[in-house]
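Presented below is the structure to which this report refers.
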Protein chains: 2
Amino acid sequence: MAPPTETLTAERILEATEEVLRRHGPAKATVVDVARALGVSHGSVYRHFRTKAALREAVTKRWLDRTSEKLAVIVTADGTPGERLRAWLAALFETKRHKAGDDPELFATYTVLTEENGTAVGEHIADLTAQLTRIIADGAGSGTFPVPDPAAAARAVFQATGRFHDPCYAREWKAPGVDEEFTAVVDLLVRGLSSPSR
Amino acid sequence: MAPPTETLTAERILEATEEVLRRHGPAKATVVDVARALGVSHGSVYRHFRTKAALREAVTKRWLDRTSEKLAVIVTADGTPGERLRAWLAALFETKRHKAGDDPELFATYTVLTEENGTAVGEHIADLTAQLTRIIADGAGSGTFPVPDPAAAARAVFQATGRFHDPCYAREWKAPGVDEEFTAVVDLLVRGLSSPSR
DNA sequence: CAGCTGACAGATTTCAATATCTGTCATTCC
DNA sequence: GGAATGACAGATATTGAAATCTGTCAGCTG
């Protein structure tokens with residue numbers, strides 16, 4: 001099916017793995033399937049990834065990184081810290097909601113993968129909170145967000161908005177009124193960050 | 001095993017059901033088990049609950065209501081709205097964390113039950129946000145919390161603190177530093193509620 | 001010789017036969 | 001007569017034997 005003449009690279013294996021996951025789901029996607037899709041023996045896959053778990057972790061990381069990269073643009077964009085904070089949170093919500101809504105099966109698949117890969121998720125969350133920290137630190141510098149510890153504030157904001165980005169709430173993202181709820185939470189948080197009484 | 005001479009009541013059945021759930025877990029707890037524990041035939045259980053699902057829902061509701069009742073006390077307690085809000089949120093966290101930590105298996109069991117019983121959970125959440133609304137409305141009346149819509153603010157606060165009461169985060173409640181994270185989120189929210197700039 | 005293959009052992013999954021459970025109801029018991 | 005029983009049909013769960021998969025490695029191939 002895939003051209004078997006190209007050299008076998010980790011990237012090509014990851015590509016094929018994602019395709020196999022999309023087709024078969026997380027429970028039935030096997031290394032043999034991946035090898036078959038690439039027209040090679042499964043032994044060759046093990047040359048690039050020591051175990052099936054490592055392969056799944058790599059493909060998970062790849063998926064999470066795509067989100068991080070998308071959001072990174074907003075961190076350094078124009079606008080006040082307040083605008084960027086709102087834009088960043090809205091983009092995070094929108095991205096996740098889109099992924100969950102467009103291809104629910106693939107999203108469910110990756111949700112399973114993230115559950116079995118605490119490390120990759122931890123790093124992803126660290127990435128995202130680092131981005132948030134930069135925005136809030138900008139606001140701390142300019143006096144918009146008079147917070148003593150931007151990193152702690154970023155963690156708090158990230159956790160408080162979990163309902164709008166954590167996969168465990170995915171099924172509620174299509175309910176009517178979520179957008180109002182999202183706005184209400186973000187407003188409350190921005191107001192909290194902006195409050196000078198510290 | 002249980003005295004078979006007492007009259008069979010819905011409450012006794014619920015009691016026995018909780019015990020069977022504790023022993024066997026959500027997957028292997030059967031109506032026959034419950035009947036056996038009560039020393040009656042399973043047909044008798046069906047006289048009080050139309051289906052197994054109804055029985056499980058009733059026992060779930062009972063469990064959730066125990067939490068609601070505990071928290072209701074704080075709503076009408078002494079203290080400023082700010083103090084009561086913090087106390088209420090802390091009690092909610094503490095109660096859940098205790099349940100999860102003391103008897104992890106029973107907690108896991110009830111987590112499964114709540115997942116299959118959207119309705120009971122919805123009502124429970126409605127109960128809790130109503131309690132929160134009363135506290136915030138008090139604050140709105142006294143000027144402590146100058147919010148235009150206490151009910152909306154209550155929903156936002158409840159959702160923003162999900163990480164500290166939603167069972168899907170239970171495994172993180174024993175991590176070091178959660179208390180600081182809880183405090184950070186609550187501080188941010190209280191500051192947001194207290195901010196006069198509306 | 002670097003990369004790929006395919007046979008292999010042990011672990012895991014599938015599948016179909018078997019057992020148990022759910023929900024009903026005619027009958028029994030007090 | 002109201003409450004409980006237990007046999008029953010269809011649905012669901014368990015089990016163990018057979019099939020498949022994971023991870024290794026000695027040897028093949030270009």
Side-chain angles (χ1 to χ4, degrees), chain A residues 1-60 105 108-109 112-113 115-117 119-120, chain B residues 1-60 105 108-109 112-113 115-117 119-120:
Chain A
M1 195 161 281
T5 49
E6 287 178 40
T7 34
L8 189 58
T9 98
E11 181 57 28
R12 278 192 65 217
I13 293 174
L14 289 177
E15 204 79 54
T17 304
E18 188 165 67
E19 182 56 25
V20 167
L21 281 166
R22 189 193 308 275
R23 276 201 210 291
H24 299 347
K28 296 208 279 183
T30 73
V31 176
V32 172
D33 288 331
V34 173
R36 201 171 11 241
L38 287 163
V40 301
S41 85
H42 74 279
S44 301
V45 173
Y46 280 97
R47 178 163 299 279
H48 292 85
F49 296 93
R50 219 176 313 127
T51 65
K52 184 189 188 182
L55 175 57
R56 285 165 82 102
E57 177 168 348
V59 85
T60 305
E105 301 207 354
T109 292
V112 171
L113 287 182
E115 272 158 20
E116 73 191 27
N117 265 329
T119 311
Chain B
M1 191 162 284
T5 48
E6 288 178 39
T7 34
L8 189 58
T9 100
E11 181 57 26
R12 277 191 67 218
I13 292 174
L14 289 177
E15 205 78 54
T17 303
E18 188 165 68
E19 182 55 26
V20 168
L21 281 167
R22 189 193 309 274
R23 276 200 212 291
H24 298 348
K28 295 207 279 185
T30 73
V31 177
V32 172
D33 287 331
V34 174
R36 199 171 13 239
L38 288 163
V40 301
S41 84
H42 74 280
S44 302
V45 173
Y46 281 98
R47 176 163 301 280
H48 292 84
F49 296 94
R50 218 177 316 129
T51 64
K52 183 189 187 183
L55 175 57
R56 286 165 83 101
E57 178 168 349
V59 85
T60 305
E105 300 207 358
T109 292
V112 171
L113 288 182
E115 272 158 20
E116 73 191 27
N117 267 330
T119 310

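Letters A, B, ... are given to chains in the order of the sequence lines, protein chains preceding strands, and every chain is numbered from 1.
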Let me know the distance between NE2 of B:His24 and C1' of C:dC21, rounded to the nearest Å. 13 Å
Quick check on side-chain contact (heavy atoms from CB on, under 4.5 Å): which of A:Val112, A:Leu55, A:Leu113 does A:Thr60 satisfy it with? A:Leu113
Just wondering, more than 12 heavy atoms not from B:Glu105 lying within 6.0 Å of its CD? no
Among C:dC21, C:dT24, C:dC4, which nucleotide has an atom closest to any side-chain atom of B:Thr30? C:dC21
Nucleotide C:dT22, atom C1' - distance to CZ of B:Arg36 in whole Å: 14 Å
Nucleotide nearest B:His48 when distance is taken to its side chain, options C:dC4, D:dT14, D:dA4: D:dA4
Where each residue is assigned the nucleotide of DNA chain D containing its nearest heavy atom, which of B:Gly43 and A:Arg50 is assigned the position nearer the 5′ end? B:Gly43
Measure from NE2 on B:His42 to P on C:dT22 and round the result to the nearest Å. 8 Å
Ranking C:dG23, C:dT14, C:dC4 by distance to the side chain of A:Leu8, first place goes to C:dC4
In whole Å, what is the span from the NZ atom of A:Lys52 to the C1' atom of D:dT24? 17 Å
Listed nucleotide nearest any side-chain atom of A:Val32, set D:dG23, D:dT22, C:dT14: D:dT22
Which listed nucleotide (C:dT5, C:dG23, D:dT22) is nearest to the side chain of A:Ser41? C:dT5
Value in whole Å for how far the C1' atom of C:dG3 lies from CG of A:Leu38: 15 Å
Tell me: NZ of B:Lys28 to P of C:dC21, nearest whole Å? 11 Å
What is the nucleic acid contact for A:Val31, judged by heavy atoms within less than 4.0 Å: base, sugar-phosphate only, or nothing? sugar-phosphate
What is the distance from atom CG of A:Leu21 to atom CZ of A:Arg56, rounded to the nearest 0.5 Å? 6.5 Å
May I have the distance from A:Leu55 (atom CG) to D:dC21 (atom C1'), rounded to whole angstrom? 14 Å
Does a salt bridge link B:Glu19 with B:Arg22, judged by any charged N lying under 4.0 Å from a carboxylate O? yes
5'-most contact on DNA chain C: B:Ala29 or B:Arg47, nearest heavy atom basis? B:Ala29
Of the nucleotides D:dG23, C:dT22, D:dT14, which has the atom closest to the A:Tyr46 side chain? D:dG23
According to a strict under-4.0 Å criterion, is A:Ser44 in side-chain N/O contact with OP1 or OP2 of C:dT5? yes
Less than 4.5 Å apart, side chain to side chain, heavy atoms only: is that true for A:Arg36 and A:Val32? yes
